[in-house]
Amino acid sequence: MRTQKLRTPQEVRAEWLRKGMGQNNWARKHGFNPVTVSQVLNGINKGSRGEGHKVAVLLGIKDGEIVDGNGDA
């Protein structure tokens, strides 16, 4: 169960600014395509599935979990 409050894209960007990190740096550090990260932060990619889902969950803007494979038991 999630105990932390979900973050807004603006909060994510503010944190990166405090850390001197950019969107592309974060994407590369975590193995994501920078375009996907941009699309998730701008609401173009809703993060429903796939890489967009993983990005949204890791950024803390979406409640969810990351499972390997397709999630079948």
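Treat the numbers as computed from the prediction; the structure is a model and nothing was measured. Computation of the quantities below employed the complete heavy-atom set of this structure, encompassing side-chain atoms and omitting hydrogens, waters and symmetry-equivalent molecules.
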Mind listing the closest non-hydrogen atom pair of [X] and [Y] along with its distance?
X: Val12; Y: Arg7; value: CG2-NH2, 3.7 Å
X: Asp63; Y: Leu6; value: N-CD2, 3.6 Å
X: Glu65; Y: His53; value: O-NE2, 2.8 Å
X: Gln23; Y: Ser38; value: NE2-CB, 3.1 Å

> Under 30°, 30 to 60°, or over 60°: which ring-plane class applies to Trp26 and Trp16, parallel, tilted or perpendicular?
Replying inline: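 Taking Trp16 first and then Trp26, their aromatic rings sit tilted (interplane angle of 30° to 60°).
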
>> Could you work out, with side chain to side chain contact (heavy atoms under 4.5 Å, CB included) as the rule, every residue matching Asn24, not counting sequence neighbours?
In response: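 Per chain and number, Asn24 pairs via side chain to side chain contact (heavy atoms under 4.5 Å, CB included) with Arg28, Pro34.
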
>> Test of understanding: clusters of I, L, V, M, F, W, Y form through side-chain heavy atoms closer than 4.5 Å, transitively. Do Met21 and Val37 belong to the same one?
In response: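 In one cluster: yes.
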
>> Rounded at 0.5 Å granularity, tell me how far CG in Asn45 sits from CD in Glu51.
In response: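 Output value for this atom pair is 8.5 Å.
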
> Do Asn33 side-chain atoms and Val35 backbone N/O form a donor-acceptor pair below 3.5 Å?
Replying inline: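 Side chain of Asn33 to backbone of Val35, a donor-acceptor pair under 3.5 Å: yes, one is there.
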
>> Within the structure provided, determine whether Leu17 and Arg13 are in side-chain contact (heavy-atom separation under 4.5 Å).
In response: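 The answer is no; the side chains never approach within 4.5 Å.
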
>> Using side-chain heavy atoms (C-beta onward) and a distance below 4.5 Å, is Leu59 in contact with Leu41?
In response: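 Leu59 vs Leu41: side chains touch.
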
